[in-house]
Chemist: 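Here it is: the structure, laid out below.
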Number of protein chains: 2
Amino acid sequence: MFSKATEYALRATIFIAQKGTEDNKIGIGEISKAIDSPPSFTAKILQALRKNNKIIRSVSGPNGGFYMTEKMRKLPVRAILEAMGENEMLDKCVLGLEKCSETKPCPMHSKYKIIKEQLIELFETKTIQHLADDIKNGAVFINNKSK
Amino acid sequence: MFSKATEYALRATIFIAQKGTEDNKIGIGEISKAIDSPPSFTAKILQALRKNNKIIRSVSGPNGGFYMTEKMRKLPVRAILEAMGENEMLDKCVLGLEKCSETKPCPMHSKYKIIKEQLIELFETKTIQHLADDIKNGAVFINNKSK
DNA sequence: ATAATTAAGGACAAATTTATCCTTAATTAT
DNA sequence: ATAATTAAGGATAAATTTGTCCTTAATTAT
């Protein structure tokens with residue numbers, strides 16, 4: 001569905017929301033280990049989420065790392081997707097037709113549209129905080145390892 | 001959602017279903033022009049759909065080209081997706097977690113699952129024929145050009 | 001039979017995505 | 001102030017996807 005970069009962005013952000021606070025920041029090493037992603041590549045992604053999109057924060061130096069403010073945690077998942085350039089995906093015709101639209105639909109359009117709207121609704125109503133809380137409540141996971 | 005290769009596969013197959021019969025085969029030139037796709041790349045894809053998956057047929061030589069049998073036209077859209085290796089996509093966790101499952105779900109799992117099931121249902125019930133007929137009936141399009 | 005036409009298939013090229021490594025800058029603790 | 005720690009950022013590499021081109025094989029029309 002999404003690129004690997006976006007998958008890492010989602011996992012990392014959720015992890016930071018769950019564990020990182022201003023006085024307990026999390027390093028890229030811990031993050032990439034926890035979410036099973038390549039550290040340097042993940043770092044790049046987090047840099048962008050910070051600099052361009054203000055979805056997370058970071059500070060350098062000892063005890064530095066990443067964290068999120070209350071406000072940031074309340075952003076919808078969609079904000080991450082948007083930041084990662086996945087807006088096009090959520091907009092796009094299944095058949096890849098540039099010109100597909102309500103007035104000139106492709107043969108999948110009407111049925112696909114209904115499903116896509118649910119997807120968008122989901123990404124817009126679920127906040128990062130919600131997902132982090134679910135993990136804290138213990139019913140749900142974000143790591144990729146067996147145990 | 002899907003790769004470009006899959007988009008071309010879907011469009012080309014629908015176009016062949018709509019226009020190609022055993023005694024009126026369609027050449028790769030006409031196909032790629034109609035669906036706005038790179039001819040050689042599209043040819044590769046159609047070769048595979050023919051050889052490995054028997055979703056379309058072709059014959060070389062003058063008046064050669066691609067066509068589909070009745071039976072082939074009745075295949076669900078899902079058959080094309082499967083042929084193009086998109087099964088994993090329809091199965092995969094939104095967050096890209098290898099281990100995400102009913103018993104060890106990611107925080108998006110339960111809601112995402114419901115939507116994905118609708119998507120699969122759609123691809124399994126819609127046949128290639130259905131889509132081709134919709135175009136013939138004139139309400140719906142598959143070309144990418146303005147007029 | 002020969003020539004013409006069209007798909008099959010192989011080799012290769014370009015573009016994009018994913019990933020690594022190294023140096024620099026910022027921040028903190030001593 | 002100095003040393004240690006950690007993210008920022010640039011350069012580059014590897015892998016994958018997308019795309020092209022050319023030769024070969026199959027088929028048909030003459």
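Since the model is a prediction, treat every value here as computed from it, not as a measurement. Hydrogens, waters and symmetry mates are skipped; everything else that's a heavy atom, side chains included, is used. All chains are named by letter (A, B, ...) in the order of the sequence lines, taking the proteins before the strands, and each is independently numbered beginning at 1.
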Chemist: Heavy atoms from C-beta onward define the side chain here; which of D:dA7, C:dA8, D:dT18 lies closest to that of B:Lys4?
Modeler: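 When the side chain of B:Lys4 is considered, D:dT18 is the closest of D:dA7, C:dA8, D:dT18.
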Chemist: Are A:Arg57 and A:Glu22 within salt-bridge range, i.e. N to O under 4.0 Å?
Modeler: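 Here A:Arg57 does not pair with A:Glu22 in a salt bridge, since their nearest N and O are not under 4.0 Å apart.
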Chemist: Could you state the atom-to-atom distance from CG of A:Asn24 to P of D:dT6 in whole Å?
Modeler: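 Rounded to the whole Å, the gap is 13 Å.
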Chemist: Rounded to whole Å, please give me the gap between CZ in A:Phe41 and P in D:dG9.
Modeler: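 Going from A:Phe41 (CZ) to D:dG9 (P), I get 17 Å.
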Chemist: Hey, do the aromatic rings of A:Phe2 and B:Tyr112 have their centres closer than 6.0 Å?
Modeler: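 Ring-ring flag for A:Phe2/B:Tyr112: false, centres at least 6.0 Å apart.
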Chemist: Check this for me: does the side-chain of A:Lys44 come within 3.5 Å of the base of D:dG10 through a donor and an acceptor?
Modeler: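 Yes, the side chain and the base share a sub-3.5 Å donor-acceptor pair.
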Chemist: Taking atom C1' of C:dA26 as reference, at what distance in whole Å does atom NZ of A:Lys25 sit?
Modeler: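 Answer to the nearest Å: 12 Å.
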Chemist: Report the distance from atom CD1 of B:Ile35 to atom P of D:dG19, rounded to the nearest whole Å.
Modeler: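 B:Ile35 atom CD1 is separated from D:dG19 atom P by 11 Å.
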Chemist: Step by step, work out the side chain to side chain donor-acceptor pair (under 3.5 Å) result for B:Asn143 and B:Arg11.
Modeler: CA-CA 9 Å; B:Asn143 62 8; B:Arg11 303 214 295 266; over 6 Å; no
Chemist: Contact class for B:Ile28 vs. all strands (heavy atom < 4.0 Å): base, sugar-phosphate, or nothing?
Modeler: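 Result for B:Ile28 = sugar-phosphate.
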Chemist: Check A:Lys33 with A:Glu30, please: is the shortest side-chain N to carboxylate O separation under 4.0 Å?
Modeler: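 Looking at A:Lys33 together with A:Glu30, the answer is no, because their closest N to O distance does not fall below 4.0 Å.
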Chemist: Is there a continuous path of hydrophobic side-chain contacts, each under 4.5 Å between heavy atoms, that joins B:Phe141 to A:Met108?
Modeler: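 Different hydrophobic clusters.
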Chemist: Which comes earlier along DNA chain C counting from the 5' end, the contact point of A:Pro38 or that of B:Gly64, where each point is its nearest nucleotide?
Modeler: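 On the 5' side of the pair lies B:Gly64.
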Chemist: As an exercise, state the distance from CD of B:Gln47 to CD1 of B:Ile56, rounded to the nearest 0.5 Å.
Modeler: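 Answer for the CD-CD1 pair, B:Gln47 versus B:Ile56, is 9.5 Å.
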Chemist: Taking 4.0 Å as the cut-off, does a side-chain nitrogen or oxygen of A:Ser58 come that near to OP1 or OP2 on D:dA8?
Modeler: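 Yes, because at least one side-chain N or O of A:Ser58 sits under 4.0 Å from OP1 or OP2 of D:dA8.
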Chemist: Contact class for B:Ile56 vs. all strands (heavy atom < 4.0 Å): base, sugar-phosphate, or nothing?
Modeler: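 If one applies the 4.0 Å heavy-atom cut-off, B:Ile56 turns out to touch nothing in the nucleic acid.
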Chemist: Of the listed nucleotides (D:dT28, C:dA8, C:dT20), which one gets closest to any side-chain atom of B:Arg50?
Modeler: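 Taking heavy atoms from C-beta onward, the closest nucleotide is C:dA8.
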Chemist: Just call it for A:Gly29: base, sugar-phosphate, or nothing, with non-hydrogen atoms closer than 4.0 Å on any strand.
Modeler: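 Nothing, no heavy atom under 4.0 Å.
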Chemist: Could you state the CD-P distance from B:Glu7 to D:dG19, rounded to the nearest angstrom?
Modeler: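 Computing the B:Glu7:CD to D:dG19:P distance gives 10 Å.
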Chemist: Within the 4.5 Å heavy-atom criterion, are A:Glu102 and A:His109 side-chain neighbours or not?
Modeler: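 They are in side-chain contact.
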Chemist: D:dT5, OP1 or OP2 - any side-chain N/O from A:Ser60 closer than 4.0 Å?
Modeler: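 Indeed not, no polar side-chain atom of A:Ser60 lies that close.
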Chemist: What would the secondary structure line of DNA chain C be in dot-bracket form, counting Watson-Crick and G-U wobble pairs under 3.5 Å, with [ ] for pairs that cross earlier ones and | for pairs with another strand?
Modeler: ||||||||||||||||||||||||||||||
Chemist: Nearest to the side chain of A:Tyr8, heavy atoms from C-beta on, is which of C:dA8, D:dG19, C:dA19?
Modeler: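 Selected nucleotide (nearest to the side chain): C:dA19.
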Chemist: Any side-chain N or O of B:Asn63 under 4.0 Å from OP1/OP2 of D:dT27?
Modeler: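 So the side chain of B:Asn63 is outside the cut-off, no N or O lying under 4.0 Å from OP1 or OP2 of D:dT27.
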Chemist: Check this for me: does any side-chain nitrogen of one of B:Glu7 and B:Lys4 sit under 4.0 Å from a carboxylate oxygen of the other?
Modeler: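 No salt bridge links B:Glu7 with B:Lys4.
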Chemist: Rounding to an integer number of Å, can you tell me how far A:Phe2 CZ sits from C:dT17 P?
Modeler: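 My rounded result for the distance is 15 Å.
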Chemist: In whole Å, what is the span from the CZ atom of A:Arg57 to the P atom of C:dA26?
Modeler: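 Going from A:Arg57 (CZ) to C:dA26 (P), I get 18 Å.
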Chemist: D:dA7 P sits how many Å from A:Ile45 CD1, rounded?
Modeler: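 About 15 Å, once rounded to whole Å.
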Chemist: The side chain of B:Pro62 is closest to which nucleotide in this list: D:dA7, C:dT20, C:dA4?
Modeler: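 The answer is C:dA4.
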